[in-house]
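All values below come from the heavy atoms of this structure, side chains included, with hydrogens, waters and symmetry mates left out. By convention in this document, chain letters (A, B, ...) are assigned in the order of the sequence lines, proteins followed by strands, and residues within each chain are numbered from 1. None of these values were measured; they are calculated from a predicted model.
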Number of protein chains: 2
Amino acid sequence: MATDRLSLIFAALADPTRRAILARLAEGEATVSELAEPFAISLPAISRHLKVLEHAGLISRSRTAQWRSSRLEAEPLREATEWMDRYRRFWDESFRRLDAHLRRLQENEESS
Amino acid sequence: MATDRLSLIFAALADPTRRAILARLAEGEATVSELAEPFAISLPAISRHLKVLEHAGLISRSRTAQWRSSRLEAEPLREATEWMDRYRRFWDESFRRLDAHLRRLQENEESS
DNA sequence: CGGTTAATTAACGGACGCGTTAAACATAGG
DNA sequence: CCTATGTTTAACGCGTCCGTTAATTAACCG
């Protein structure tokens, strides 16, 4: 079972429908029906997706009368990005330049 | 089936063992047995994890004699980070400051 | 050739993910 | 109270994921 937080976050993001829901929520809060509207899947399916997102901390929910509104909580995305940042030097050109620069400094240090 | 690239990447990252493998590969290439060593799971299980990582583009593999060496390919992490960057303004303080700054500029523009 | 080492493939089992439809629950409102 | 609306829960099917052990493939080496 994926019990750790990061696994929950990445697993939640691994589904295109859920990513689309997050994209929609970036424009503002929305009810379940509103979120379901663009998709050709049933309301219960959407309901489950929202539960997954909530469990990963990617959304929070509030109740007003019979409507349940979802709100984006991007903090987990920060966590995920932070994890990936360990690998930034493997792809980021500017990071590579910084790397080279630091190496040069190091060499000067050693040769002095 | 998760057929799109981003889903493959996030799904690959959703497993702690696979993330640990990537962490190990950040220190340099390694063979399957070397990668398996820290884990209490069988070699075939590791072999499958590597296949998942390769399918997501997160590693590439080469063969030397009977050894298969894996190498980190972080480009997919860049893609994933890029996707998350759309949400950066929802968590990043400096992004919020920039946002506020731009809004101020906008207001000055309008009132002139 | 025959044995050893490295790794993968095959076959299986159990858990989980994602969808469905039908039923239940919650709230508003005549 | 009864009904309409919004959403969730229940029960099920099916495919995939993750692990196992046993068998197979691949390459080296005495």
Item to check | Spacing of B:L50 atom CG relative to C:dT9 atom P, expressed in whole Å | outcome: 12 Å
Next on the checklist: Can you see if the side chain of B:S47 gets near the phosphate of C:dT8 - specifically, an N or O under 4.0 Å from OP1 or OP2?
Outcome noted: yes
Next on the checklist: Side chain of A:A45, heavy atoms from C-beta onward: which of D:dT8, D:dG19, C:dT20 has the nearest atom to it?
Outcome noted: C:dT20
Checklist entry - Is the phosphate of D:dT8, meaning OP1 or OP2, less than 4.0 Å from a side-chain N or O of A:R63? => result no
Checklist entry - When the distance from NE2 of B:H55 to C1' of C:dT8 is rounded to whole Å, what number comes out? => result 17 Å
Checklist outcome for this item: Note: for A:R48 and A:Q66 on DNA chain D, the residue whose nearest nucleotide lies more 5' is A:Q66
Which atom pairs, one a donor and one an acceptor, fall under 3.5 Å between side chains of residues 42-53 of chain A and the rest of the protein, sequence neighbours left out?
residue, atom, partner, partner atom, Å
A:S42, OG, A:A45, N, 3.4
A:H49, ND1, A:R18, NH1, 3.1

Checklist entry - So, is A:S42 close to the C:dG19 phosphate, meaning a side-chain N or O under 4.0 Å from OP1 or OP2? => result no
Checklist entry - Expressed in angstrom and rounded to an integer, what is the separation of A:E34 atom CD from D:dT5 atom C1'? => result 14 Å
Next on the checklist: Rounded to whole Å, please give me the gap between CD in A:E37 and P in D:dT5.
Outcome noted: 18 Å
Next on the checklist: Taking only side-chain N and O atoms of A:R18, does any of them lie within less than 4.0 angstrom of OP1 or OP2 on C:dG17?
Outcome noted: no
Next on the checklist: I'd like to check the ring pair (Phe, Tyr, Trp, His ring centres under 6.0 Å) partners of A:Y87; sequence neighbours left out, ordered by chain and number.
Outcome noted: A:W83
Item to check | OP1 or OP2 of D:dC17 under 4.0 Å from side-chain N/O of B:H49 | outcome: no
Checklist outcome for this item: Sorted by position of nearest nucleotide on DNA chain C, 5' first, the leading residue of A:T17 and A:W67 is A:T17
Checklist entry - So, A:R88 and A:D85, do they make that salt bridge, N to O below 4.0 Å? => result yes
Checklist entry - Could you give the CG-to-C1' distance, from B:L43 to D:dA22, as a whole number of Å? => result 14 Å
Checklist entry - Whole Å only: how far is the CD1 atom of B:I46 from the P atom of C:dT9? => result 15 Å
Checklist entry - Over how many whole Å does the gap from A:L35 atom CG to D:dG6 atom C1' extend? => result 13 Å
Next on the checklist: I'd like to know if B:F95 and A:L22 are part of one continuous hydrophobic network [Ile/Leu/Val/Met/Phe/Trp/Tyr, side-chain heavy atoms within less than 4.5 Å].
Outcome noted: no
Checklist outcome for this item: When rounded to whole Å, the NZ to C1' distance for the pair A:K51 and C:dC16 reads 15 Å
Checklist entry - Between D:dC28, C:dT8, D:dG19, which one does the side chain of B:I41 approach most closely? => result D:dG19
Checklist entry - Atom CG of B:D92 and atom OG1 of A:T81: how far apart are they, to the nearest 0.5 Å? => result 9.5 Å
